[in-house]
Amino acid sequence: MKIITNSSFPIGNINYICMYVGGSPVTCYVLHGKNGDMLIDTGFYLTYPHLRKWLDSFNIRHIFLTHAHVDHDFNAARLREELGAEIILSRHDLPLIGHYDRQPVRATRCKYELRNIQQNVCGKMKIFSTRPYRPDIVISTENRNILRILGYNADIVPLYGHTLGSLGILSEDVLYCGDAFTAIWGKPEVTPHATSLRMMERSLERILKISPKRLATGHGLPLDMRAARPIITEYLTERKKI
């Protein structure tokens, strides 16, 4: 398995591990805090031993899930058990845990229609389902400032659309955006699938407004916002014509 980390390929001050499963990258991140560290997303099948070894360099106290798709939350319960960390997830994604088909996705572009069909079909298969777990901290509007209370210099950013509860984290000049945007093919691109295209558009508009220095996506290496901005702008322009 090809693996790239911030130690082998530094990108700013971002702590990351990018693991290629069948040629497709899955990326996890770690944020430092006053009382320990936070893991952002937990990878997919076959990534666990590599992720677990990488995490030996950190003191993981919290596991933040950007959303409840299997390639992001598959290892969450196991890591919580081994590390004694608390899982954080949006309340809007609670019904999605282990049940991909409860939030069917649509293609964000015409060229992804076939891929989208495959996504929805595979999502109903047990092999693509996470073992059910219960988050320790459920994010709602009322506790969206929880990360600062927990000791992290970071804020939760709603990035709904890919799932109904997709969340990002803004820390310093980096937006950890999950699948609100992607670099899965080694270049900036709008994520192929969304549960709500309208909500996804609003989240992309929010990303433009925040205008971080970098986007740390759930698939692929962190991107410079200067490379992502024209892709997002083009997509939003296209959507307005529909």
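These numbers come from a predicted model, not from an experiment. Just so you know, these numbers use all the heavy atoms, side chains as well, and skip hydrogens, waters and symmetry mates.
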Are [Y] and [X] connected into the same hydrophobic cluster when the rule is that any two of I, L, V, M, F, W, Y join if their side-chain heavy atoms are below 4.5 Å apart?
{"X": "L55", "Y": "I87", "answer": "yes"}
{"X": "Y48", "Y": "I4", "answer": "no"}
{"X": "I184", "Y": "F9", "answer": "no"}
{"X": "L147", "Y": "L167", "answer": "yes"}
{"X": "W54", "Y": "F74", "answer": "yes"}

Side-chain touch [X]/[Y], heavy atoms, less than 4.5 angstrom:
{"X": "I3", "Y": "Y20", "answer": "no"}
{"X": "L236", "Y": "E201", "answer": "yes"}
{"X": "E172", "Y": "V174", "answer": "no"}
{"X": "I11", "Y": "R214", "answer": "yes"}
{"X": "R109", "Y": "E189", "answer": "yes"}
{"X": "R148", "Y": "D155", "answer": "yes"}
{"X": "I88", "Y": "P135", "answer": "no"}
{"X": "M1", "Y": "M19", "answer": "yes"}

Problem - L114 CG: over 12 foreign heavy atoms closer than 6.0 Å - result: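 Check fails, neighbour count at 12 or below.
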Exercise for the section: Report the C-alpha distance between K213 and M225 in whole Å, list the side-chain angles of each, state the deciding distance to 0.1 Å, and finish with yes or no for side-chain contact (heavy atoms from CB on, under 4.5 Å). Expected result: CA-CA 5 Å; K213 183 176 181 180; M225 185 61 192; 6.0 Å; no
Check: [X] side chain, [Y] main-chain N or O, donor-acceptor pair, under 3.5 Å:
{"X": "T47", "Y": "F44", "value": "yes"}
{"X": "S24", "Y": "V21", "value": "no"}
{"X": "S171", "Y": "N153", "value": "yes"}
{"X": "T130", "Y": "I97", "value": "no"}
{"X": "D37", "Y": "N59", "value": "yes"}

Using only heavy-atom distances, determine whether the side chains of [X] and [Y] contain a donor-acceptor pair under 3.5 Å.
{"X": "H72", "Y": "D179", "result": "yes"}
{"X": "N35", "Y": "R61", "result": "no"}
{"X": "H32", "Y": "Y152", "result": "no"}

Exercise for the section: Mind jotting down which residue pairs meet the side-chain hydrogen bond (donor to acceptor under 3.5 Å, both in side chains) criterion with at least one end in residues 113-122? Sequence neighbours excluded, please. Expected result: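 As it turns out, the side-chain hydrogen bond (donor to acceptor under 3.5 Å, both in side chains) pairs with a partner in residues 113-122, which skip direct neighbours, are R115-H193, N116-H193.
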Exercise for the section: Among T27, N75, T66, find the residue that satisfies the side chain to side chain donor-acceptor pair (under 3.5 Å) test when tested with D41. Expected result: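 Among T27, N75, T66, the one that satisfies the side chain to side chain donor-acceptor pair (under 3.5 Å) with D41 is T66.
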Practice task
Could you tell me which residues satisfy side chain to side chain contact (heavy atoms under 4.5 Å, CB included) with A194, sequence neighbours excluded, listed by chain and number?
Solution key: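 Once residues adjacent in sequence are excluded, the partners of A194 under the side chain to side chain contact (heavy atoms under 4.5 Å, CB included) criterion are T108, L197, M200.
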Exercise for the section: Please test L175 against F181 for side-chain contact (heavy atoms from CB on, under 4.5 Å), starting from the C-alpha separation and ending with a verdict. Expected result: CA-CA 11 Å; L175 178 60; F181 198 72; over 6 Å; no
What heavy-atom pair brings [X] and [Y] nearest, and what distance separates the two atoms?
{"X": "L221", "Y": "C18", "answer": "CD2-CB, 4.0 Å"}
{"X": "I169", "Y": "M38", "answer": "CD1-CE, 3.8 Å"}
{"X": "L31", "Y": "A154", "answer": "CD1-CB, 4.1 Å"}
{"X": "P95", "Y": "H92", "answer": "CD-O, 3.7 Å"}
{"X": "D93", "Y": "G165", "answer": "OD1-N, 2.9 Å"}

Handout entry: Interatomic distance, L150 atom CG to K34 atom NZ [nearest 0.5 angstrom]
Key =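 It comes to 11.5 Å.
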Practice task
Please work out which of the three classes, parallel, tilted or perpendicular, describes the rings of W185 and Y112, given edges at 30° and 60°.
Solution key: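 The rings of Y112 and W185 lie parallel, inter-plane angle below 30°.
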Problem - Ring geometry between H67 and H162 (parallel below 30°, tilted from 30 to 60°, perpendicular above 60°) - result: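 Correct class here is perpendicular.
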Exercise for the section: Decide side-chain contact (heavy atoms from CB on, under 4.5 Å) for T237 and R239; before the verdict, give the C-alpha distance in whole Å, the side-chain angles of both, and the deciding distance to 0.1 Å. Expected result: CA-CA 5 Å; T237 301; R239 290 294 303 170; over 6 Å; no
Handout entry: Check against side-chain contact (heavy atoms from CB on, under 4.5 Å), L39 and F64
Key = CA-CA 6 Å; L39 172 65; F64 185 95; over 6 Å; no
